[in-house]
Amino acid sequence: MASTVKSIGSLAQLLARLQGKDPATWLLADLPPVSQAIIAYDRMFAINDLTPDAFRVTDFANLTKDQDGFNHYVWIETGQANEVIVVGHTKFNPTEPDYGDLFKDYAVDLGKSADAIARVVFGDNYHAKVTAPLTELAKQLNQYVKGAVIIPLNAPTPASAITKQLQIWSPIA
């Protein structure tokens, strides 16, 4: 089965297309004007290193925060083959060093019920049959992630940021 992901060439090319003379003519073209209004087009940036040190918190200065004082952004995450793999949304407190979900490792687990069953089924072999393979899978997934484009939002509510994430994801998926 063919993959439905779309190649973006590179993070720099994706960012250039989003920040072009008329970024709304590409990926964001079908968003309603009210939705386009909360995107801080002039503050988008790409990061090739998904570490908090690569995050530019200063690009969020003077943007609208929600009622709890959090800034919001949507990210377009890319994989090693320069394809879009995830469009996500997160929030962060600009006075804290935690810049949101983008910088957290992906976890792979069974969930409570499946884990309980696996412990019964595998008994003493639980680590070898369950924990070790899931740990290796999580490691491979996290290594596959290459970078992201950060799209800062003037989001007065978390709901408006989540709506934006879904609107950006739709043309990509």
Side-chain angles (χ1 to χ4, degrees), residues 3-108 138 141-173:
S3 173
T4 59
V5 296
K6 296 184 180 174
S7 175
I8 49 91
S10 71
L11 280 173
Q13 289 171 331
L14 175 61
L15 183 61
R17 290 182 82 180
L18 289 168
Q19 290 180 322
K21 291 183 180 171
D22 191 5
T25 63
W26 184 61
L27 179 64
L28 310 172
D30 295 330
L31 299 182
V34 69
S35 292
Q36 289 190 26
I38 72 168
I39 297 172
Y41 286 101
D42 61 332
R43 304 215 188 166
M44 289 187 232
F45 59 97
I47 54 175
N48 289 309
D49 177 12
L50 290 183
T51 63
D53 292 340
F55 192 76
R56 296 180 357 202
V57 71
T58 55
D59 285 0
F60 291 83
N62 302 320
L63 291 181
T64 305
K65 294 174 178 53
D66 69 18
Q67 63 272 15
D68 296 321
F70 289 100
N71 284 107
H72 292 261
Y73 65 90
V74 170
W75 77 82
I76 302 174
E77 193 170 57
T78 60
Q80 294 296 324
N82 289 321
E83 75 280 19
V84 172
I85 54 176
V86 174
V87 175
H89 151 261
T90 196
K91 64 183 179 180
F92 71 97
N93 180 336
T95 63
E96 308 265 333
D98 175 2
Y99 300 124
D101 295 342
L102 174 63
F103 298 97
K104 294 180 175 137
D105 282 344
Y106 288 105
V108 179
L141 292 175
N142 288 302
Q143 288 174 344
Y144 190 77
V145 175
K146 182 176 183 179
V149 169
I150 309 291
I151 303 173
L153 302 175
N154 278 302
T157 66
S160 62
I162 292 167
T163 299
K164 181 66 53 237
Q165 171 196 355
L166 296 173
Q167 289 171 330
I168 291 172
W169 176 250
S170 293
I172 295 173

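- The side-chain heavy atoms of Val86 and Trp75, taken from C-beta on, include a pair separated by under 4.5 Å.
- The backbone N or O of Tyr106 lies less than 3.5 Å from a partner atom in the side chain of Asn142, making a donor-acceptor pair.
- Summarising the geometry, atom CG belonging to Asp101 is positioned 8.0 Å from atom CG belonging to Asp98; distances are rounded to the nearest 0.5 Å.
- Heavy-atom minimum distance, Pro94 versus Gly69: CD-O, 3.5 Å.
- Atom-to-atom distance recorded for Leu153:CG and Phe60:CZ is 7.5 Å, nearest 0.5 angstrom.
- Atom NZ of residue Lys65 and atom NZ of residue Lys91 lie 14.0 Å apart, to the nearest 0.5 angstrom.
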Quiz item: Could you go step by step and tell me if Ile150 and Arg56 meet the side chain to side chain contact (heavy atoms under 4.5 Å, CB included) rule?
Solution: CA-CA 9 Å; Ile150 309 291; Arg56 296 180 357 202; over 6 Å; no
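- Residues Thr78 and Ile85 have side chains not in contact (no heavy-atom distance under 4.5 Å, counting atoms from C-beta outward).
- Glu77 contributes atom CD, which lies 9.0 Å from atom CD1 of Ile47 (distance to the nearest 0.5 angstrom).
- In this structure the side chain of Phe70 reaches within 4.5 angstrom of the side chain of Asn93, judged on heavy atoms.
- You'll find the side chain of Thr64 stays beyond 4.5 Å of the side chain of His72, heavy atoms only.
- Within 6.0 Å of atom CG in Asn62, 12 or fewer heavy atoms from other residues, nucleotides or ligands are found, so the atom counts as exposed in its surroundings.
- Side-chain atoms of Thr90 never come within 3.5 Å of backbone atoms of Leu102 as a donor-acceptor pair (strictly under, hydrogens ignored).
- In terms of heavy-atom proximity, Pro97 sits nearest to Pro52 at O-CB, 4.4 Å.
- Across all non-hydrogen atoms, the minimal contact from Leu63 to Ala40 is CD2-CB, 4.0 Å.
- With hydrogens and angles disregarded, a donor-acceptor distance shorter than 3.5 Å links the side chain of Asp66 to the backbone of Asp68.
- Ring orientation note: the planes of Phe55 and Tyr99 are close to parallel, at an angle under 30° on the 30°/60° scale.
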Practice problem: Test side chain to side chain donor-acceptor pair (under 3.5 Å) on Asp53 and Thr51 and set out the steps. | Solution: CA-CA 5 Å; Asp53 292 340; Thr51 63; 4.9 Å; no
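- Atoms CG and CE, from Asp59 and Met44 in turn, are 11.5 Å apart once rounded to the nearest 0.5 Å.
- One distance of note links CD1 of Ile151 with CD1 of Ile76; it measures 4.0 Å at 0.5 Å rounding.
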